[in-house]
2 protein chains.
Amino acid sequence: MLSHCMKRFRICCVTRSIQTHTGNRHKTTACLSEEDPDPTRALLQLCVDGHYVAPGQVHSDLLQRGMCCNYGPLGLELKTTLLEQWWRSVKRSRSTQVFGISTPLQTHHRTSGEEGDPLVVDVKILNQLLLDAEELSKAQIIQRIQTLLRLSTSLRTNLLQGALEQYSSWVELVNRRLPFGLAESGLSVQPLDGSRGEATHTSLVWFCSPQSSSQWLDHWTRLRLRWWRKFALAPSEFSSRDVPEKELQGCASRGVKIVYSFPWGQETLENLWSLGDSELLQTYDGVRAKIQCRDGRKLVIPHVVSVVSNMDRGMMAYMHNSLQLLKKHDGKQKLYQSQRKVLKLHPVLAPVKVALEMGRGATLELRQVCEGLLQELLEAGVSAWPGYMDTTSSSMEQLNTKYDQMGVLFTVVIDDKTLESGLLQVRSRDSTVRELKHVSEVTGFVRRYVRGAHNM
Amino acid sequence: MLSHCMKRFRICCVTRSIQTHTGNRHKTTACLSEEDPDPTRALLQLCVDGHYVAPGQVHSDLLQRGMCCNYGPLGLELKTTLLEQWWRSVKRSRSTQVFGISTPLQTHHRTSGEEGDPLVVDVKILNQLLLDAEELSKAQIIQRIQTLLRLSTSLRTNLLQGALEQYSSWVELVNRRLPFGLAESGLSVQPLDGSRGEATHTSLVWFCSPQSSSQWLDHWTRLRLRWWRKFALAPSEFSSRDVPEKELQGCASRGVKIVYSFPWGQETLENLWSLGDSELLQTYDGVRAKIQCRDGRKLVIPHVVSVVSNMDRGMMAYMHNSLQLLKKHDGKQKLYQSQRKVLKLHPVLAPVKVALEMGRGATLELRQVCEGLLQELLEAGVSAWPGYMDTTSSSMEQLNTKYDQMGVLFTVVIDDKTLESGLLQVRSRDSTVRELKHVSEVTGFVRRYVRGAHNM
C-alpha cells in the first residue's frame with residue numbers, strides 16, 4: 001500500500017474504501033501530494049500542533065539537533081514508550097545477563113579522559129568574585145578560582161564511563177563469567193553552539209571475551225537495526241553503515257552507525273563501538289585482578305562493546321517516518337482538496353490510543369459515559385485523550401484532522417445512540433473506517449489491537 | 001499480624017504455620033528480635049547486599065541523604081516502578097486534566113528567583129585561564145570570567161520553575177479552564193556539603209481558582225498520603241503535618257509535609273505548597289492576559305498548588321518500611337538461631353517477582369526449562385531473576401535467605417520432577433510456604449498475585 005516515489009518525502013498512491021460517518025461507502029482515489037516545499041518546517045510544525053513539543057523556535061531547533069527540549073504530553077509519552085521498549089528489548093535479548101544500572105549525572109572526582117567534561121560551579125562564588133574583583137589582587141582572584149574548581153563537580157557527557165566504573169561492583173553478580181552487560185538510560189550533556197544542551201541516551205555496555213567482540217558487535221547491530229525498523233512505517237529509512245577505519249576514534253577497533261534519513265540529511269541514531277580492553281584497563285589503573293573474568297577456563301580482560309543511542313533524535317526519526325501527507329482529490333475532476341496530514345505512528349508508540357468525543361445528546365449523561373470509559377481505559381493502561389472536555393465546537397471533520405495529526409489510533413464518539421443502545425462509533429486512524437462497537441468492548445478491543453501490533 | 005513494639009525498629013511476634021518443603025507442617029513461634037544495635041547501618045548494608053545500591057560508603061551516604069547514587073539493577077527497578085506508580089496516580093486522579101511535560105535540566109537564560117542556581121561552565125576555558133594567569137592582567141582575567149559566565153547555563157534545582165514557564169504553552173489545551181495540572185518527573189540539583197548532588201523529583205503543579213486552592217491543597221495531601229501508605233507494610237510511619245506559619249518560605253500561604261520516620265529521624269518525602277498567584281505573575285512579568293483563566297464566567301489569575309516529592313528518599317523509606325528482622329527460636333528451648341532479614345516490599349514494588357533456581361537433575365534439560373520459563377515471564381512483563389545461571393553451589397536455605405533479603409516475591413525451583421511431571425516448587429517470600437505448581441501456571445499465577453495486591 002505504500003510506495004516510495006520520492007526520497008525526501010514519502011508519497012504514495014492508494015485506492016481506499018472509505019466508510020463515511022453516515023454509513024454510505026464511496027470509493028475514493030487518494031493520490032498523495034507532490035513534495036512539500038519545506039518538509040522540515042512542516043514536520044516541526046506538526047510536532048507543535050500535535051502537542052509533542054512546546055511552541056517556540058528554540059524547542060524545534062533543539063529537537064532537530066537531537067537534543068532534549070520542552071516536551072508536551074504527547075512527546076513525553078512517546079519518549080517514555082521508546083525508552084520502555086528499549087529496556088524490554090535489551091532485557092529480553094538472547095542473553096538475559098543484562099543488568100540495569102543508574103549512575104548520577106555529576107561526579108565529584110575527575111577521571112582520566114573526562115578532562116573536557118563541563119563543570120558545575122557555585123554561581124554565588126563566581127558572582128562574589130566579580131563584585132570583589134576591584135579590591136582583590138590577581139593572586140587572590142586566582143586563589144578564588146581554584147577554590148571554585150575544588151568545589152566543582154563534573155557533568156557526564158556519556159553513559160559509558162559510569163558503566164565502566166560500575167563494572168567492578170556488578171561483575172561478581174555473574175561470577176566473573178562472560179558475556180554480560182550493563183544497561184542505562186539517562187541524560188548526557190552535549191556541546192551546542194559553544195554552550196551546552198542535553199540528550200536522552202540509552203547505553204548498553206557489553207563485556208565479552210576478546211575473540212567474540214567482533215561477533216557481538218555484529219549481533220547487537222542486527223538486533224538494534226531490527227528494533228528501530230520494527231516500529232517504522234518506512235523501515236528502509238533506517239540503515240546501518242560501518243564507520244571507515246580512518247574515522248575511528250579513541251580505542252575503537254570497529255564501529256557501526258545506525259542512521260536515519262531526515263529531510264535535512266542523514267543523522268546518527270545509534271553508535272556501536274568495539275572498544276577492546278583499554279578503556280576498562282584505564283578505568284581500573286591497569287589492575288588486572290579487579291577486572292579479570294573467566295572465559296571457559298582462561299582468565300581474560302573482557303573486551304567492551306558499547307551500544308549508545310540518542311532517543312531524542314530517535315523520537316524525531318519516528319515522527320518523520322510516520323508522517324504521511326495526503327492530498328485528496330476526486331479521480332476525474334482533479335479537484336484538489338486540502339492536505340491531510342496523518343501521523344501514522346506504530347500502534348505501540350502512538351502516545352494516545354483513544355480520543356473520546358461527545359456527539360449530540362444530553363450533555364450531562366454523555367459526559368458521565370465519557371468519564372466512565374476514560375477511567376476504564378486509564379485503569380487498563382490505555383492512554384486516552386479526554387477530548388469531550390474541550391467545549392469549543394468542532395465538526396467531526398475538524399476533529400479527525402486534529403487527531404490524525406496527533407497520531408491518535410482511535411477516535412470514539414459517544415452520542416445519544418450510546419445512551420439508548422450502548423453503541424458508539426469507533427474511527428480508525430489508519431483505515432479511516434468507522435465502526436459501531438458496544439461501550440463495553442472498546443477497552444478490550446484497543447488493548448488487543450495494540451498487543452497484536454506489538455507481536456507482529 | 002504486625003505490631004509496633006519499638007519505635008526505632010519494627011519488632012513483632014508471630015505464630016505462623018510453616019509448610020516445609022517435604023510437605024510436613026509444624027508450628028513455630030517466631031519471636032522477632034530485640035532492637036538492632038545500628039539499624040541505619042543494617043538497612044544500608046541490605047541495600048548493597050540486595051543489589052539495590054552499588055557497594056561503597058559514598059553511595060549509601062548519598063541515599064541516606066535523599067540523593068541519587070549509583071543504583072544497582074534492583075534499585076533501578078524499584079525507582080522506575082515508584083515513578084510509574086506516581087504517574088498512574090496523577091493521571092487517574094479525580095480530575096484527569098493532568099498533562100505530563102518534560103523540561104531540560106539546563107536553561108540558557110536566567111530568570112528571576114534562580115540567581116542561586118548552579119552554573120555549568122566550560123572546563124577548558126577555566127583551565128586555560130589558570131594556565132595563562134601569569135601573563136594576563138587583572139582586567140583580562142575578569143574579562144575571561146565574564147566570557148565564561150556568558151557561555152554558561154543554569155542547572156535546575158526544582159521542577160516548579162520549568163512548569164510555570166510551560167504554563168502558557170499548555171493552558172490553551174484546556175481552553176483556559178481551571179483546574180488543570182502539569183506533571184513532571186526528573187532530576188534536580190541539590191546542595192550537598194558545599195558542593196552539589198542530585199535528587200529524583202516528581203512534581204505536580206496544579207492551577208486552580210483562587211477560592212479553591214486551600215481545598216485543593218487538602219485534596220492532594222489526602223491523595224498523596226494515601227498513595228505513600230498504599231505500598232507500605234507499616235503505613236503509620238508515613239504521616240503528614242502542616243508547616244507552621246513561621247516556617248513558610250517565599251510566597252507560600254500554606255504548606256504540608258509528608259514525612260517518614262527513619263531510624264535517624266524524620267525526613268520529608270513530599271512538600272505541598274499553596275503558592276497563590278505571585279510566582280505565576282512573576283514568571284510572566286505580570287502580563288495578566290497571558291495567564292488569565294476562566295473560573296465559571298469570571299477571568300482569574302490561577303493560584304498554584306505545588307506537590308513535590310523526592311523519590312530517592314521515597315525509595316529508602318520503602319526499603320526501611322518493608323524490612324523485617326526476625327530471629328527464629330524454638331519456643332521451649334529459647335535457642336536463638338541466626339537472624340532472618342526479609343524485605344517485604346509490596347508485591348507491586350518488589351523489583352524481582354520471581355527467582356528461578358535449578359534443583360537436582362540433568363543440568364542441560366533443566367536449564368532449557370529455566371530459560372523457557374524466564375522468557376515467558378519476561379514476555380509477560382514479570383521481572384525475573386535468572387538465579388540458575390549462578391553456578392556456585394548454595395543450599396536452598398542460603399538461597400532463601402538471599403532472596404528474602406532481595407525482596408523476591410517467589411522462588412521457583414525446577415528439578416528432575418519438573419522434567420517428569422511439569423511440576424515445580426514455588427516458595428512465597430511472605431508466607432514461606434512452598435507449593436507445587438505446574439510450569440504452565442507460574443506466569444499467570446504471579447501476574448494475578450501482583451494484580452490482586454495492586455487492587456487491594
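Convention: sequence-line order gives letters A, B, ...; per-chain numbering from 1. Basis for what follows: all heavy atoms, side chains included, without hydrogens, waters or symmetry-related copies.
A:Gln166 contributes no side-chain N or O that, together with a main-chain N or O of B:Asn70, makes up a donor-acceptor pair within less than 3.5 Å. Looking at B:Arg196, its side chain does come within 3.5 Å of a backbone N or O of A:Leu151 through a donor-acceptor pair. Judged by distance alone, the side chain of A:Lys138 and the main-chain N or O of B:Ala133 form a donor-acceptor pair under 3.5 Å.
With chain B as the partner, the residue from A:Ala54, A:Cys68, A:Gly56 showing the most heavy-atom pairs under 4.5 Å is A:Ala54. Options A:Val174, A:Asp390, A:Asp122 differ in how many heavy-atom pairs under 4.5 Å they form with chain B, and the most are formed by A:Asp390. Between chain B and the residues A:Ile101, A:Asp193, A:Val48, A:Leu129, the largest count of heavy-atom pairs under 4.5 Å involves A:Ile101. Note: A:Leu105 leads A:Leu105, A:Thr103, A:Thr80, A:Leu187 in heavy-atom pairs under 4.5 Å with chain B. Per-residue heavy-atom pair counts under 4.5 Å with chain A were compared for B:Ser168, B:Pro104, B:Ser169, and the maximum is reached by B:Pro104. Of all the listed residues (A:Gly197, A:Ser102, A:Gly194), the one sharing the greatest number of non-hydrogen pairs under 4.5 Å with chain B is A:Ser102.
Here A:Glu77 pairs with B:Lys91 in a salt bridge; the nearest charged N to carboxylate O distance falls below 4.0 Å. The residues B:Glu379 and A:Arg88 are annotated as not salt-bridged, no charged nitrogen and carboxylate oxygen being separated by less than 4.0 angstrom.
Taking 4.5 Å as the limit, every side-chain heavy atom of A:Val123 sits out of range of all side-chain heavy atoms of B:Asp117. You'll find the side chain of A:Gln106 reaches within 4.5 Å of the side chain of B:Val189, heavy atoms only.
Counting heavy-atom neighbours within 6.0 Å of B:Glu134 CD, excluding the residue itself, gives a total of 12 or less. When the shell of 6.0 Å around CZ of A:Arg447 is examined, it contains 12 or fewer heavy atoms from other residues, nucleotides or ligands. The environment of CD in A:Gln143 is sparse: at most 12 heavy-atom neighbours from other residues, nucleotides or ligands sit within 6.0 Å.
Within the model, atoms OG of A:Ser185 and CG of B:Leu76 stand 7.0 Å from one another, a figure rounded to the nearest 0.5 Å. Rounding to the nearest 0.5 Å places CZ of B:Arg150 at 11.0 Å from OG of A:Ser195. Residue B:Leu126 holds its CG atom at 8.0 Å from CG of A:Leu126, rounded to the nearest 0.5 Å.
Ring planes of B:His51 and A:Trp170: perpendicular class, angle over 60° (limits at 30 and 60°).
Residue A:Leu173 touches chain B through its side chain alone, counting heavy-atom pairs closer than 4.5 Å. In this structure, chain B has a heavy atom under 4.5 Å from the side chain of A:Ile141, while its backbone stays farther away.
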message = With side chain to side chain contact (heavy atoms under 4.5 Å, CB included) as the criterion, how do B:Leu119 and A:Leu119 come out once you've worked through the C-alpha distance, each side chain's angles and the decisive distance to 0.1 Å?
response = CA-CA 8 Å; B:Leu119 284 189; A:Leu119 283 189; over 6 Å; no

